[in-house]
Amino acid sequence: RLEMKIEEHPGQLLRACVSLAKDWRMDKYLRRLDALLLVSNKDLSLTLTGNGDVLETEDGVIGIGSGGNYAIAAARALMPVGELGAEEIATRSMKIAADLCCYTN
C-alpha cells in the first residue's frame, strides 16, 4: 500500500505517508493491525504507527523493536564522529543494542 501511495504522490514522501496513515486508521482490517512502519529517504525519516500517527524525529534517527531505543541512543552518540558514514553508524549502533538487549540479535 505504501508503494501505491508513493506513486500517487511522487516526490512527496510525507504526503504519501500521511495518506497511508489515514487509510490505516479508517480501513476495517488495517485498523486492527498493531504494527510500526519505518519509512525514510535521503531527506526524511518517519515512523508510522497502527494508530495512524506519522512521527518525524528532529535528527532523522529512527528505530523500532525491543532494542530500538538502545540503537537510537548509540547512533546519536556516534553521529558526531566525522569519519563514520551512515552504514557504519547503523552497524555499530545495532551491535551496541544487541549487547544491551537480550531480545536483539
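These values consider heavy atoms only, across backbone and side chains, with no hydrogens, waters or symmetry-generated copies. Index from 1, following the sequence.
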Exercise. Around Asp34, counting heavy atoms of other residues, nucleotides and ligands shown, do more than 12 lie under 6.0 Å from its CG?
Worked result: no
Problem set entry | Over 12 non-hydrogen atoms of neighbours within 6.0 angstrom of CG in Asn41 | yes
For this session: Kindly say whether Ser45 contributes a backbone atom to a donor-acceptor pair with the side chain of Ser40 at under 3.5 angstrom?
Result: no
Identify the heavy atoms of [X] and [Y] that sit nearest to each other, and give their distance.
X     : Y     : value
Val39 : Cys17 : CG1-SG, 3.8 Å
Ala16 : His9  : CA-CD2, 3.8 Å
Gln12 : Arg15 : OE1-CD, 2.9 Å
Ala71 : Ala97 : N-CB, 3.7 Å

Exercise. Just wondering, do Leu55 and Leu46 contact through their side chains at under 4.5 Å, heavy atoms?
Worked result: no
Exercise. Do Leu36 and Leu48 share a hydrophobic cluster, counting only Ile, Leu, Val, Met, Phe, Trp and Tyr and linking them when any side-chain heavy atoms are less than 4.5 Å apart?
Worked result: no
Exercise. Linking I/L/V/M/F/W/Y whenever their side-chain heavy atoms sit closer than 4.5 Å, directly or via other members, would Leu20 and Val18 fall into one cluster?
Worked result: yes
Exercise. Given the rule in the side-chain contact (heavy atoms from CB on, under 4.5 Å) test, do Asn51 and Arg25 qualify, once you have shown the distances and angles that lead to the verdict?
Worked result: CA-CA 6 Å; Asn51 296 328; Arg25 196 172 40 238; over 6 Å; no
Atom [atom1] in [X], atom [atom2] in [Y]: separation rounded to 0.5 Å?
X     : Y     : atom1 : atom2 : result
Glu3  : Glu8  : CD    : CD    : 12.5 Å
Thr57 : Ile62 : OG1   : CD1   : 7.0 Å
Leu44 : Leu14 : CG    : CG    : 6.0 Å
Leu2  : Ile6  : CG    : CD1   : 4.0 Å

Exercise. Which hydrophobic side chains are connected to Val61, either touching it within the sub-4.5 Å cutoff or through other members that do?
Worked result: Ile72, Leu78, Met79, Val81, Leu84, Ile89
Seminar exercise, completed: Only residue of Val54, Asp53, Thr49, Leu37 satisfying side-chain contact (heavy atoms from CB on, under 4.5 Å) with Trp24 is Leu37
For this session: Please test Lys5 against Asp23 for side-chain contact (heavy atoms from CB on, under 4.5 Å), starting from the C-alpha separation and ending with a verdict.
Result: CA-CA 10 Å; Lys5 295 298 181 183; Asp23 288 353; 2.7 Å; yes
